[in-house]
Amino acid sequence: MDTKFVAGDVVISTSGHDKNRVFIVIGIDKNGYPAIIDGRYRIRTKPKVKNPKHLLLVAHDEKILEKVNSPLATDTEIYKMIKVYNQVKE
């Protein structure tokens, strides 16, 4: 793996059915694959584990990471926070 992802990274999927969608890395599984969410289709209780070769690092955002780790945060709030990165991508 060329890029090491950490929790709080904002990434764009470069392949698969979710191509060109923005996600947040919330953790790394035992094989080194990042678990990603978007707050809409992939929620905190069901993250997607994706091959790091198919992800492009956009930024690292501590505010989003704090929101993801907060037990009071909703998936809708997380989705609204990453909408900013969707606008930058276009």
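The figures here come from the full heavy-atom set of this structure, side chains too, leaving out hydrogens, waters and symmetry mates.
- When all heavy atoms of Leu55 and Pro34 are compared, the pair lying nearest together is CD1-CG, 3.5 Å.
- The side-chain hydrogen bond (donor to acceptor under 3.5 Å, both in side chains) check on Ser70 picks up nothing, with sequence neighbours excluded.
- Counting only heavy atoms from C-beta outward, the side chains of Ile78 and Ile24 approach each other to under 4.5 Å.
- Transitive grouping of hydrophobic side chains (ILVMFWY, heavy atoms separated by less than 4.5 Å) brings Ile28 and Leu57 into a common cluster.
- Side chains of Asp61 and Tyr85: a donor-acceptor N/O pair is present below 3.5 angstrom, by distance only.
- With hydrogens and angles disregarded, no donor-acceptor distance shorter than 3.5 Å links the side chain of Arg44 to the backbone of Asp75.
- At distances below 3.5 Å, not a single donor-acceptor pair connects side-chain atoms of Asp9 with backbone N or O atoms of Val11.
- For the pair Lys50 and Asp18, the salt-bridge criterion is met [side-chain N within less than 4.0 Å of a carboxylate O].
- In this structure Asp38 satisfies the salt bridge (Lys or Arg N to Asp or Glu O under 4.0 Å) test together with Arg21, sequence neighbours excluded.
- Using modelled atom types, no side-chain atom of Ser13 and backbone atom of Asn20 make a donor-acceptor pair closer than 3.5 Å.
- Under the side-chain contact (heavy atoms from CB on, under 4.5 Å) rule, His60 has a single partner from Val10, Val25, Val6, which is Val6.
- With values rounded to the nearest 0.5 angstrom, Ile26 atom CD1 is found 13.0 Å from Ile64 atom CD1.
- Under the 4.5 Å side-chain contact rule for hydrophobic residues, Leu65 and Ile12 do not share a cluster.
- Taking OH of Tyr33 as the reference point, atom NZ of Lys53 lies at 7.0 Å (rounded to 0.5 Å).
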